[in-house]
2 protein chains.
Amino acid sequence: MKERHNRLTVVKELIRNNRIDNQDTLLELLKKEGYNVTQATLSRDLKMLKVGKISDGWSGYYYTLPESDLVSESEKSYIQDVRRGIISIEFSGNFGVIKTRPGHANSVGFALDVLALPEILGTVAGDDTIFVILREGMTKEDLLDSFNARIPEIKE
Amino acid sequence: MKERHNRLTVVKELIRNNRIDNQDTLLELLKKEGYNVTQATLSRDLKMLKVGKISDGWSGYYYTLPESDLVSESEKSYIQDVRRGIISIEFSGNFGVIKTRPGHANSVGFALDVLALPEILGTVAGDDTIFVILREGMTKEDLLDSFNARIPEIKE
DNA sequence: TGAAAAAATGCATAAGTATGCAATATCTAT
DNA sequence: ATAGATATTGCATACTTATGCATTTTTTCA
């Protein structure tokens, strides 16, 4: 059985979707989801998930997931768009050319805009080709690094 | 006397430059800096500074400043560029027009690029005017909010 | 399968942080 | 300068979170 694994997933979801500021509250929510554990276990769960506690900018604090888990579902779908469409990327000076499967250029280009990679100043998409303009001072290495960070397994 | 204010500055600096994971440790460091207070006071200081506690990605946790205090010095200088140059900003549809002091449009525009506000798709700068194109789906309210968050006291 | 090893959990309690209250210190408006 | 208002602080303690240890559950492997 993967009881704990399931619970961790639920905990993560609860933290993502609620402003929770202590473990007892989280314990309540977990109970409603059918998980009956003690505060001790929850404390260990949070440590495992690397959950942090930060200011709400007002007068309180709440739990927060590490950045890597904060990627929203919608962002994930854009990442999928990129993965599905992209074929190759090559550079010339501060311009890049992305080749995509036919008809995918727009979805990939739009996804890149949404992902707002700091290296990219703008894109123009045709049918199976995207023209990428790098921001002043950015190199193709910068962009590729950023790619690998935001879009894992780009080499699939 | 502004004892507390000074102390807060030191606390902030200590947190920025060290990996501190509890208040007693911080208390020690503060003592070395010549500030003798109790844990209770420090707890209040941290709340005031909106200090958070996040995972080091390994097995521990440490204090961290809110984003607004993490702004790098170089970023601050760009923020200054914007403050020095900007006069007004108005909108029409998904376009914005920023008026600047004569000759300042380029420094402000470049600073805006560097700051990479997610609302801005791109800018074109003349001599005392900047043309801002909002990203699809973004409103002028979004941009103004972002402005206020990243560039405090824009109304000076 | 049936041990032995590893992982997960609860209990009790230690460690860490926050806060009510009273005492001071600082600021404000005469 | 001075009384009243505000802000800061320490003390004691409540609240919150982490963890050592023993127990139970799950996994591994011969």
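Quick note on labels: first sequence line is chain A, next is B, and so on, each numbered from 1.
Rounded to whole angstrom, the span from the CG atom of A:L49 across to the C1' atom of D:dA18 amounts to 16 Å. Across the protein-nucleic acid pair, A:I15 atom CD1 and D:dT17 atom P stand 11 Å apart, rounded to whole Å.
Going from atom OG1 of A:T41 over to atom CE of A:M48 covers 11.0 Å, rounded to the nearest 0.5 Å.
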- Task: Report, as a single string ordered 5' to 3', how protein heavy atoms within less than 4.0 Å touch nucleotides 8-19 of chain C: B base, S sugar-phosphate only, - not at all.
- Result: SBBB----SBBB
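Side-chain N or O atoms of A:Y35 include none that pairs as donor or acceptor with a backbone N or O of A:L8 at under 3.5 Å.
Side-chain contact between B:D142 and B:R135 is absent, with no heavy atoms from C-beta onward closer than 4.5 Å. Side-chain contact between A:V10 and A:L30: present, with at least one pair of heavy atoms (C-beta onward) separated by less than 4.5 Å.
Remark: A:E13 engages A:R16 in a salt bridge, criterion side-chain N to carboxylate O under 4.0 Å.
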